[in-house]
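Keep in mind it's a predicted model, so treat the numbers as computed, not measured. To find a chain, count down the sequence lines: A is the first, B the second, and so on, and within it residues start at 1.
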Amino acid sequence: EAGVTQFPSHSVIEKGQTVTLRCDPISGHDNLYWYRRVMGKEIKFLLHFVKESKQDESGMPNNRFLAERTGGTYSTLKVQPAELEDSGVYFCASSQEGFPTDTQYFGPGTRLTVL
Amino acid sequence: AQSVTQPDIHITVSEGASLELRCNYSYGATPYLFWYVQSPGQGLQLLLKYFSGDTLVQGIKGFEAEFKRSQSSFNLRKPSVHWSDAAEYFCAVGPLGAGNNRKLIWGLGTSLAVNP
């Protein structure tokens, strides 16, 4: 069974540019999560999809971040325009729906550097 | 406020030595608890998890963790460390039970170096 995949693995952009990160969850997982780790800080939750619906987006930093999950399969996270403080590693995770205590499986992350 | 503390940012041990990584949490309800590991160039891999029952949990790669409610701790242990265990280790907590709130709260991580 394929795990969670993320693309690209690295992205270097300049301040003000746009970047789109992609996450493909494990097949059959209805839950999809985005997290971010800024250097020197803890991993922080960004948002949670159940199928194509945003269940919880309380962690999204501001309106420069837009997450979508059309069709309930893969998800994209767009940052527009990017700022220096957006640099970090963006992790995606997925889990099955219906478990009382779901386990989140993580992708390798996308390292974003904003210059 | 909900939080996870991993007091040790960096630990160095010798190969073959025992290891204990500390994790303390502050959580309003009974949490479920995880340890993840991130090896260089890899994603976050689940080592073990605690939901209920036996407070000593066995995981992959020879790791175990013990949940101590009275101390709000979930320390990770391994009796004999291998060079391949060098990685960053993360403790995380989440809400027990179904519902809308599924997000995990994370510690800062502990970076483990293993001397030959």
Query - Region of A:Ser58 that comes under 4.5 Å of a non-hydrogen atom in chain B - result: side chain
**Report entry** Region of B:Gln38 that comes under 4.5 Å of a non-hydrogen atom in chain A
**Finding:** side chain
**Report entry** Heavy-atom pairs under 4.5 Å with chain B, option from A:Ile43, A:Val4, A:Leu46 with the top count
**Finding:** A:Ile43
Query raised in the report: With a 4.5 angstrom heavy-atom cut-off, which part of B:Leu104 approaches chain A: side chain, backbone, both or neither?
Result: both
**Report entry** Atom pair NZ (A:Lys54) and CG (A:Leu32), whose distance is rounded to the nearest 0.5 Å
**Finding:** 12.0 Å
Query - Which atoms of A:Gln6 approach chain B - backbone, side chain, both or neither, heavy atom under 4.5 Å - result: neither
Query raised in the report: Looking at side-chain heavy atoms only, is the closest gap between A:Glu68 and A:Leu77 below 4.5 Å?
Result: no
Report summary line: Applying a strict 4.5 Å limit to non-hydrogen atoms, the region of A:Arg37 in contact with chain B is side chain
Requested in this report: Among B:Phe34, B:Tyr36, B:Trp106, B:Phe63, find the residue that satisfies the ring-ring contact (aromatic ring centres under 6.0 Å, His included) test when tested with B:Tyr89.
Outcome: B:Phe63
Query raised in the report: side-chain contact (heavy atoms from CB on, under 4.5 Å) between A:His48 and A:Asn31: does it pass, once the steps are laid out?
Result: CA-CA 7 Å; A:His48 168 208; A:Asn31 291 291; 2.7 Å; yes
**Report entry** pair B:Val37-B:Phe90: side-chain heavy atoms closer than 4.5 Å
**Finding:** no
